[in-house]
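Note sheet for the following structure.
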Amino acid sequence: MSIKRELTSIRELYSDLKNYDGKEIKVGGWVRSIRSSNIFGFIELNDGTYFKNVQIVFEEQNIDNYNLITKQNTGASLSITGTFVLTPEAKQPFEIKATAIEVCGTSTPDYPLQPKKHSLEFLRSIAHLRPRANTFNAVFRVRSCAAQAIHRFFAEKGFVYVNTPIVTASDCEGAGEMFKVTTLDIGNPPKTKDGQVDYSKDFFAAAANLTVSGQLEAECFATAFSNVYTFGPTFRAENSNTSRHAAEFWMIEPEIAFADLEDDMMLAEEMTKYTISYVLETCPAEIEFFNKFIDNTLANRLNELVNSDFGRVTYTEAIRLLKESGQQFEYPVEWGCDLQTEHERYITEKLFGKPVFVTDYPKEIKAFYMRMNEDGKTVAATDMLVPGIGELIGGSQREERLEVLEKRLDELGLNKEDYWWYLELRKYGSVKHAGYGLGFERLIMYITGMTNIRDVEAFPRTVGSAEF
RNA sequence: UCCCCAGUAGCUCAGUCGGUAGAGCAGCUGGCUGUUAACCAGCUUGUCCGUGGUUCGAGUCCGCGCUGGGGAGCCA
């Protein structure tokens, strides 16, 4: 059903061809291409409701502004009244024979999005127009669909959706460089006696930043609602220059109480499969497009994924397999070292050929809040690695034992005062619990085959770039 | 932040040994009664990323800078 009184969406037309045959309809959209002879012409019109265009036939004898229409350029917005006609003999399944065409907004010959192949780099420089291009129409429809799938998945499981703060004055999130948030005059900030910036005079009476994770707050809610998740923007001020890092990205962070690492991984696997299945069912035309133009192994890979069991391997075992592989790595493998990108890719692409959870990492290379294992050397952490992307999910069982957590903070030289409320969760009704963080853009990259995070965000923010 | 590569017409690119620039697409004009990456004929389009240098002469060689891309680190 159209939400507009008079327009029929192109999606509706494609979904119910027979019903519209011979009927008078009105559509509105933007010109993808236009070509004409002296007495008739064709317009490829797209209204963004569907991946495909509709072909408009306009004839000199049927409309009263033929010469005006032939002069329109790619990009112009038109509303068109005409007769829907099935065309089983032609390349397109149907067309609209126009009886009236209204020019809503003209375009010009220098419209940047010409009907030809453009590079993704060029399209990034016209981020305000690229949603009109096929690739981005498909990317952002899939992105929307995947977001809805995630909400639907957690809703069906009875999870509570919690919105954790975007501005935080807690300095203990420990997940990288943060963006400062302040109303102080940065050219002339108030100073304390010893010459430091006096944040007690700042808006929040403390140094504040944009969040790098909602996990600690999500844990508070998990110990009230049992099962919660966050889905919101996240900010990292790291000077990262790669195709899979952005300064602003969206993260999904479930947190589950009365649950251990195994429960956590089962949830991650189920969520991943649910989301991908939902997109495969809901956006078949988009997946077909990506498979044809972006990555011709995509459809197979996604279909196999939803029917496979993800791999499981401990860090210790993974190190042994890498050593025994005989593969020459730029960075040699040794127990205790962090897995390099080349190692992760070898594990997921060569050793398993599918997504795989690597578990139980040495405590030295993981965060303070991860639960200490019985061996005293490893923690109950997991990274879910997927072919082509690397780390898609990072999670862990959280340390719920107050004295063990305090000991870890001491070992790492962290100030317990800063974590007072986080520690109180362990004082009042502590329970084993676990959670993970899913980089939403990385999931979209995996589902679409797009290889640069800048092409799955509407207006990407990266080092040195925040235009639009 | 480190390593590598690139920057020439609106877009995608070519440009030989250093001798003041070219193609396809798109655009414009005309033609064409069913096209669908429309077709046919003709035409237009340049701060060769910036800056300094070498040279009689630089798109081409060298230095510095900027921008973009790929890889690494950090991570999601």
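Computed over heavy atoms, backbone and side chain alike; hydrogens, waters and symmetry mates excluded. The chains referred to below are lettered A, B, ... by the order of the sequence lines, with proteins before strands, and numbering in each begins at 1.
The same atom, P, is picked in rC5(B) and in rU47(B); the two are 28 Å apart, to the nearest Å. Taking atom P in both rG31(B) and rA37(B), one finds a spacing of 25 Å when rounded to whole Å. The P atoms of rC49(B) and rU12(B) are separated by 14 Å, rounded to the nearest whole Å. Nucleotides rG7(B) and rG65(B), compared at atom C1', are 14 Å apart to the nearest Å. Across rC25(B) and rU44(B), the matching C1' atoms stand 15 Å from one another, rounded to whole Å. Nucleotides rU54(B) and rU60(B) place their P atoms 15 Å apart, quoted to the nearest Å. For rA21(B) and rU8(B), the C1' atoms lie 8 Å apart once the distance is rounded to whole Å. rC62(B) and rA76(B) are spaced 42 Å apart, taking the P atom of each and rounding to whole Å.
For Arg236(A) (side chain) and Thr234(A) (main-chain N/O), no donor-acceptor pair under 3.5 Å exists by modelled atom type. Here the side chain of Asp21(A) pairs a donor or acceptor atom with the backbone of Leu86(A) at under 3.5 angstrom. In this structure a side-chain-to-backbone donor-acceptor pair under 3.5 Å is missing from Thr348(A) to Arg345(A). For the pair Ser144(A) (side chain) and Phe140(A) (backbone), a donor-acceptor distance under 3.5 Å is absent. Here the side chain of Thr49(A) pairs a donor or acceptor atom with the backbone of Arg11(A) at under 3.5 angstrom.
Regarding Phe40(A), its CZ atom lies at a distance of 11 Å from the P atom of rU36(B), rounded to whole Å. Rounded to an integer number of Å, the gap from Asn239(A) CG to rG73(B) C1' is 11 Å. For the pair Tyr229(A) OH and rA76(B) P, the computed distance is 21 Å after rounding to whole Å. Following rounding to the nearest Å, Tyr446(A) (OH) and rA76(B) (P) show an atom-to-atom distance of 19 Å. Distance Ile39(A) CD1 to rG31(B) P: 13 Å, rounded to the nearest Å. Rounding to whole angstrom units, CD of residue Glu121(A) and P of rC5(B) are separated by 18 Å. Whole-Å rounding puts the Met178(A) CE to rC74(B) C1' distance at 15 Å. Whole-Å rounding puts the Lys292(A) NZ to rA37(B) P distance at 10 Å.
No option in Phe154(A), Phe249(A), Phe440(A), Tyr161(A) other than Phe440(A) meets the ring pair (Phe, Tyr, Trp, His ring centres under 6.0 Å) test with Phe231(A).
Within the nucleic acid shown, Phe249(A) comes within 4.0 Å of at least one base atom, counting heavy atoms only. Using a 4.0 Å heavy-atom distance criterion, Arg454(A) is classed as a sugar-phosphate-only contact. As judged by a 4.0 angstrom heavy-atom cut-off over every strand, Gln92(A) is placed among the base-contacting residues. Nucleic acid contact for Glu248(A): none, since no nucleic acid atom lies under 4.0 Å from a heavy atom of the residue. Among the atoms of the strands shown, none is found under 4.0 Å from any heavy atom of Leu443(A).
Of the listed nucleotides (rU12(B), rU33(B), rG34(B)), rU12(B) has the atom at the smallest distance from the side chain of Phe122(A). The listed nucleotides are rA76(B), rC28(B), rG73(B); the one nearest the side chain of Arg244(A) is rG73(B). Candidate nucleotides rU33(B), rA72(B), rC28(B) were compared by shortest atom distance to the side chain of Tyr331(A), and rA72(B) ranks first. In the set rC75(B), rG34(B), rA38(B), the nucleotide with an atom closest to the side chain of Arg35(A) is rA38(B).
Summarising the base pairing, rC48(B) is matched to no nucleotide, lacking a Watson-Crick or G-U wobble pair whose two defining distances lie under 3.5 Å. Using N1 to N3 plus N6-O4 or O6-N4 for Watson-Crick, or N1-O2 and O6-N3 for G-U wobble, each under 3.5 Å, rC61(B) pairs with rG53(B). Within the shown strands, rC5(B) is the pairing partner of rG68(B) under the Watson-Crick or G-U definition, both distances less than 3.5 Å. A 3.5 Å limit on both hydrogen-bonding distances identifies no Watson-Crick or G-U partner for rU16(B). rG10(B): Watson-Crick or G-U partner is rC25(B), with both key distances under 3.5 Å. Base pairing analysis places rC32(B) opposite nothing; no Watson-Crick or G-U wobble pair with both distances below 3.5 Å involves it. Pairing for rA76(B) is absent, judged as Watson-Crick or G-U wobble with the two contacts each under 3.5 Å.
In the interface, the side chain of His118(A) is not paired with the base of rC11(B) through any donor and acceptor atom under 3.5 Å apart. Checked by distance alone, Glu44(A) brings no side-chain donor or acceptor within 3.5 Å of a matching partner on the base of rU35(B). Contact annotation: side chain of Glu342(A) to base of rG71(B), donor-acceptor pair absent below 3.5 Å. Applying the 3.5 Å distance criterion, the base of rU33(B) shares no donor-acceptor pair with the side chain of Asn38(A). One can find a donor-acceptor pair under 3.5 Å joining the base of rU35(B) and the side-chain atoms of Gln55(A).
Residue Ser240(A) places no side-chain N or O under 4.0 Å from the OP1 or OP2 atom of rU1(B). Within the 4.0 Å cut-off from OP1 or OP2 of rC75(B), not a single side-chain nitrogen or oxygen of Arg442(A) is found. For rG71(B), neither phosphate oxygen OP1 nor OP2 lies less than 4.0 angstrom from any side-chain nitrogen or oxygen of Arg345(A). For Gln340(A) and rA72(B), the shortest distance from a side-chain N or O to OP1 or OP2 is not below 4.0 Å. Not one side-chain nitrogen or oxygen of Lys116(A) sits closer than 4.0 Å to the OP1 or OP2 atom of rC13(B). Between Ser119(A) and rU12(B) there is a side-chain polar atom (N or O) within less than 4.0 angstrom of OP1 or OP2. Put simply, Asn73(A) has a side-chain N or O that comes within less than 4.0 Å of OP1 or OP2 on rC28(B). Residue Thr242(A) has no polar side-chain atom (N or O) positioned under 4.0 Å from OP1 or OP2 of rG73(B). One finds a side-chain N or O of Asn452(A) lying less than 4.0 angstrom from the OP1 or OP2 phosphate oxygen of rG70(B).
Between Val313(A) and Val356(A) there is a side-chain heavy-atom pair separated by less than 4.5 Å. Looking at heavy atoms from C-beta onward, Pro387(A) lies out of side-chain contact with Phe352(A) at the 4.5 angstrom threshold. For the pair Ser213(A)/Glu253(A), a side-chain contact is recorded, criterion being any heavy-atom separation below 4.5 Å from C-beta on.
Shown here is Phe221(A), whose CZ atom has no more than 12 heavy atoms of other residues, nucleotides or ligands within 6.0 Å.
Residues Lys97(A) and Pro109(A) each lie close to RNA chain B; by heavy-atom proximity, the contact nearer the 5' end of the strand is made by Pro109(A). The residue among Arg124(A) and Ala246(A) whose nearest nucleotide of RNA chain B is located toward the 5' end is Arg124(A).
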